[in-house]
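For reference, the structure discussed in these notes is given below.
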Amino acid sequence: MISALLNRSHPYPQETLTSWMWRLTLENYLPSPSILLRYLHQKAVQTTPILQHQLLHMQTPALFQGFSELMYLSPSELYVHTLHIFAHALTHPGQANETIELSSGETVKLIPPRLHHDFYTRRFGWCPKCLAQARCVRLHWHIPFVTCCTTHHCWLLNHCPYCEKHITEADIVTGVCADCGFRLEEAEAVPVPEDDLLFILQRTVMSWLYGTQPPDLGFPQTTENVLLRVLLGLRYATQRAGNGWEFHHFPPHIPRPNLDILQHRLLTRFERGSLYTTAFRGVVDWPHGFYAFLDAYRTRPACKGRLGLRGQLGQIYVKWISRFWAHESFDFVQTAYNSYLLANFPATQIVSIQRAQIYPELVVQTDYLTLHHASAVFDIAPTTLHWLIAVGKLKAHNIPPYPNRIWLARDELEAVQLERKKAVPLAVVSRLLGVGKQRVYAMLQAGLLNLSTGFVANPDPGIGIELSTVHTFLSDLQQRVTIAQPDKVLKPVSLVKLCLHLATLGVNLPDVFQYILDGRLTAHHPRPDLLPLTDLWFLPETVTGIFSDIKEEHDWMGLVEVLAYLKVGRGLLQYFMDKGYLLPDKSFERKHFFRRAEVVALRERFVRTPLAKEILKFDETSIANLVANGLLHPVCGPGVNGYGHYMFERHEVLTWHDRYILRRDFALLTPHTGRLLRWLKKTGVVPLMKHPIIYLRAPVLEVLQQLKHSKWPA
Ligand SMILES: [Zn+2]
Ligand SMILES: [Zn+2]
């Protein structure tokens, strides 16, 4: 395609493509740039935008190529005269930039073809002093954030100062208002002081747009498109704050703008500039500027008497925080907002909002939590929380606007949580050690483990055990136990078997552990951690050893031993036990253990017939007669318990002669036995039995004494 243009001037820096096309059109005596577009359409490019939309709709490489050939400028050079150079700042953070590859091989970003009027306006502002330098439309004049010229320190103008008509590209390039002929360069612009916040805002926006270094004002670390949207949101909030809001920033030299903007209408440049400047206060010195903005926002006239987040923070809360700043790029705003809520609103208000579900950290930081939230944050079942309240470990607080809810104080919950961490449920210890719950309970009672003062809850409610004591117990045990695999050759005895065996001595599992800890019982385990404890094993000789040790320790004799020692049968021993002559020291199930000393004493206590014969110097028949006549009292034997042989109390046998005297022994007392017998008869002292003849010793001795004193009367 050969260019139809004879005169081809170059574009000015920052000039829009449309502006430049107008200049070319006039230079080449054409009525309108539309002709150029139509020409392009006919020659090469299938879809060409209409002139009004041209700045946004330069979207294809073919268009760039067509313009390039028509206007003798490379596509890359053309690109910098389109709004696409602002793509990084104007595209929404959630929206990916379209890119195209120009014929020069360069890949460039495109702005979305539909840009909201907050980010682009066809009705550009203009600076008369800029026009004096070069009659062209600057790219940034189309951006509504830009309200003043940073080169000439003045407000941009929107209309012809003389006839109030809107200024077009054609007016700009000719330098005069087409309607009234006013020379635009002669228009007077309202100055903006360099130190005014408006000017600083404008310099910042220009640097965001053109990608230069912005002033260092403590902006949040994020991209330009995000910053512009934060600014936009605060601007809308400012717009709803009303005229009487003291936080408004009004640059000097302008009529005070009417900022009661509740109805949709076009804003004047002064209004827009003032609103953005006020909003700018919330973006600088992040997040303190933002907090200051929110603080101030809650003092706006519209907020008077209104409570609640909605009433206090209005648009910022309802629209921007909740919706338009929801994309992850705005997380820093959300975080700052959460911090602000926590610092400025009561917990009850924060916890009850839906936001608390999206930002659990908001709840995590509040002083009071509902039961439901406390359960989620502290991972304690609601039933357990109710229980803790019932037992007085937690206090149910009542907070006026929500009387039907239970509120729990964070510090109290933290204390409970701390307590809880120290305690481990008995069931868990049981699983850890590999021994039954009842055995663990027995270990608790034996003092091998300690009860915790903390509480335990789901999923293992019940007794809590001090976790540290479990660790101590295990590490103490590890000091004593030898690590070894149970070898069949050694005939290992398992812990369970050992316990069954020792149970006959009344020894239980805690005792076994105590024996191991005391070094009295050598134990082995295949694993260094000793878990599960049921894998402990013992050598058979160890088991025998501990068994007799324990018996010796108590000086016990088992039943069999006692029978052998006493040389009696099981029935007789049972008889002794029934009579209370010998009682077991300890009985486990049907096993009895007797104190050795008692058994020995018992053997000493009784004598059988042979020994009794020997002591009493009687024959067996006489012994039987003594028993029959009640002069000797067997503890067992025929007629007593059906036992075949008599057994007597040794004491009775030994003292028998002190009580009784035999007729045959009278000769030992006196030579006059005949007289003694006669006197005995006379005084009525008769023998107790006849075979042999036995008297009570005492009356016999008395008679004998009387005889001696009466000088033996005949
Ligand atoms: Zn200017
Ligand atoms: Zn005019």
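Everything numeric here is computed off the predicted structure, so don't read it as measured data. Remember, it's 1-based here, ligands and their atoms both numbered in the order they're listed.
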Heavy atoms of other groups near H10 NE2, more than 12 under 6.0 Å: no
Test item: side-chain donor near acceptor, H166 and D171, under 3.5 Å: no
Under 2.8 Å from the Zn ion (ligand 2) - protein N/O/S, by chain and number: C160 SG, C163 SG, C177 SG, C180 SG
Sidechain-backbone polar pair: S19 side chain, E15 backbone, donor-acceptor under 3.5 Å: no
Residues R135 and E185 bridged, charged N to O under 4.0 Å: yes
Side-chain donor/acceptor of Y368 to backbone N/O of R410, under 3.5 Å: no
Distance below 2.8 Å from the Zn ion (ligand 1): protein N/O/S atoms: C127 SG, C130 SG, C149 SG, H152 ND1
Side-chain donor/acceptor of H116 to backbone N/O of D118, under 3.5 Å: yes
Under 3.5 Å: donor-acceptor pair, side chain of D285, backbone of G218: no
Min side-chain heavy-atom separation P144-T121 under 4.5 Å: yes
F199 ring center near W155 ring center (under 6.0 Å): no
